[in-house]
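Below: the structure, in C-alpha cells.
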Amino acid sequence: MQNNRVALVTGANQGIGLQIAKDLVAHGFTVLVGSRNLERRGAAAKEVGQDARAPQLDVTDQASIAAAAERIRKELGRLDVLVNNAAISNTSKLPGMSVQEYAKSTRPSNVSLDEVRTVWETNVFGVLAVYQAMLPLLRESSAASIVNVSSPVGSLTLNSDPAFPSHKSFGPVYPASKTAMNAMSLAMMTELADTSVKVRICAPAFTSRFRNSVIGPTFSPV
Ligand SMILES: NC(=O)c1ccc[n+]([C@@H]2O[C@H](COP(=O)([O-])OP(=O)(O)OC[C@H]3O[C@@H](n4cnc5c(N)ncnc54)[C@H](OP(=O)(O)O)[C@@H]3O)[C@@H](O)[C@H]2O)c1
C-alpha cells in the first residue's frame, strides 16, 4: 500500500491540470497525470516530477477509464484526491473567429446538437463516468476529496444578472455544460454526504490565454 497520498488529475498534460499536478507533487502527493495522448502524457509526467505516473485516460472512453482505475488499484490501492479537470470548450470554433461570433453561432435556436453533445460528452458525462469508476478507490481512503473544475461562466445565479460579464455569451455549449457539471457535483455531494469523501467545485479565473479575448480584463471569478 502507498504511503504518500495519491491524486489523479484528468486532462493534466497542459494548462491548469498540469499546474495542479505539479502543485500536488510539491505537497508530497503521488500524482497520476491523466492524459488521453500518449506523447503528451509522457512529457507532462516528466515535467511534473519523478513521483508522477501517467495513465492513458480519455474521459469519453469507458475502456480507458476502467483500465486507469484498474491500474491505480493494482499499483497504489486507493485514491485520496480526484481532480476532474479535463474539459473542452468547443469543436467548431474556426480559426480567427471571435468568442462573440462563436456565441452568436451557438445560440439555443441555431446551435448544432452535435456540438452540444460532443462538449457535454467530455465536460458532463466524462466527469460522471470517471466519478463512477474511481469512487471505489476513493472509498479506500480515510479522507478523500473530489474536486470538479467548473467555471463562473456556468453559474446560473451569476449569469442571470445582465450586468455579469459573461451574461450575453451564456449558451448551451460550454457554459451550460459547466452548469450541468455543477448539478452533477451537487448530486455527488448528496450521495456522499455521510461518508469521508468530500466533493468540492472550484472555479478558476481566466488564464492569460483567455483573459483579454473573452470578456475583457476586468472579469473576476467567484
Ligand atoms: N483556462 C481558463 O481560463 C479557465 C477558466 C475557468 C475554468 N476553466 C476550467 O479549467 C479546466 C482546465 O482548463 P484549461 O484552460 O487548462 O484547458 P486546456 O489547456 O484546454 O486543457 C484541457 C485539458 O483537458 C484535456 N482533455 C480534453 N478532452 C479530454 C478527454 N476526452 N479526455 C481526457 N482529457 C481531455 C486536454 O487534453 P489534450 O491536450 O489531449 O487536448 C487538456 O489536457 C477545465 O475544466 C476548464 O473548463 C478554465
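Ligands are counted one by one from 1 in listed order, and the atoms in each one are counted from 1 as well.
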(request) Please report the shortest heavy-atom distance between Val173 and Ser89, naming the atom on each side. (result) CG1-O, 3.9 Å
(request) Could you pull out the closest heavy-atom pair between Val124 and Ala180, with the gap in Å? (result) CG2-CB, 3.9 Å
(request) Please round to the nearest 0.5 Å and tell me the distance separating atom CG of Asp80 and atom CG of Leu138. (result) 8.0 Å
(request) Decide whether Met97 and Val119 are clustered together by the hydrophobic rule: side chain heavy atoms of Ile, Leu, Val, Met, Phe, Trp, Tyr closer than 4.5 Å, transitively. (result) yes
(message) Distance under 4.0 Å to a non-hydrogen atom of Tyr174: what atoms of ligand 1 satisfy this?
(response) 7 (C), 8 (N), 9 (C), 46 (C), 47 (O)
(request) State the atoms of ligand 1, each with its element, that fall below the 4.0 Å cut-off from a heavy-atom position in Leu57. (result) 32 (N), 33 (C)
(request) Using non-hydrogen atoms of the residue, decide whether Ser150 is closer than 4.0 angstrom to ligand 1. (result) yes
(message) Could you tell me, atom by atom, which parts of ligand 1 come under 4.0 Å of a heavy atom of Ala87?
(response) 22 (C), 24 (O), 27 (C), 44 (C), 45 (O), 47 (O)
(message) For the 3.5 Å polar cut-off, considering only N or O atoms, please tell me whether Ile16 and ligand 1 meet it.
(response) yes
(request) Report the part of Thr122 in contact with ligand 1, treating N, CA, C, O as backbone and CB onward as side chain, heavy atoms under 4.0 Å; options are side chain, backbone, both, neither. (result) side chain
(request) May I ask you to check if ligand 1 and Gly11 share an N or O to N or O distance below 3.5 Å? (result) yes
(request) Would you check whether Gly126 reaches within less than 4.0 Å of ligand 1, judged by its heavy atoms? (result) no
(request) Provide the number and element of each atom of ligand 1 under 4.0 Å from a heavy atom of Gly15. (result) 16 (O), 19 (O)
(request) Return the option from Thr207, Asn85, Asn148 holding the heavy atom at the smallest distance from atom 45 (O) of ligand 1. (result) Asn85
(message) Side chains of Val9 and Val33, heavy atoms from C-beta outward: is any pair under 4.5 Å?
(response) no
(request) State whether the shortest distance between N or O atoms of Asn37 and N or O atoms of ligand 1 falls below 3.5 angstrom. (result) no
(request) Check each of Leu76, Val81, Leu57 against Leu8 using the side-chain contact (heavy atoms from CB on, under 4.5 Å) test, and report the only one that passes. (result) Leu57
(message) Counting C-beta onward and ignoring hydrogens, is there a side-chain heavy-atom pair between Met134 and Ile72 closer than 4.5 Å?
(response) yes
(message) Could you work out, for atom 38 (P) of ligand 1, the closest of Arg40, Glu121, Met181 by heavy-atom distance?
(response) Arg40
(request) Looking only at distances, please establish whether an N/O atom of ligand 1 is found under 3.5 Å from an N/O atom of Ile88. (result) no
(request) State, to 0.1 Å, how close Pro172 and Val111 come at their nearest heavy-atom pair, and which atoms those are. (result) CG-CG1, 4.0 Å
(message) Please state which option from Ser35, Cys202, Ala203, Pro204 has its nearest heavy atom closest to atom 6 (C) of ligand 1.
(response) Pro204
(message) Would Ser151 count as a polar contact of ligand 1, with the cut-off being nitrogen or oxygen pairs under 3.5 Å?
(response) no
(message) Quick check: closest heavy atoms across Ser35 and Arg41, and the distance to 0.1 Å?
(response) CB-CB, 3.2 Å
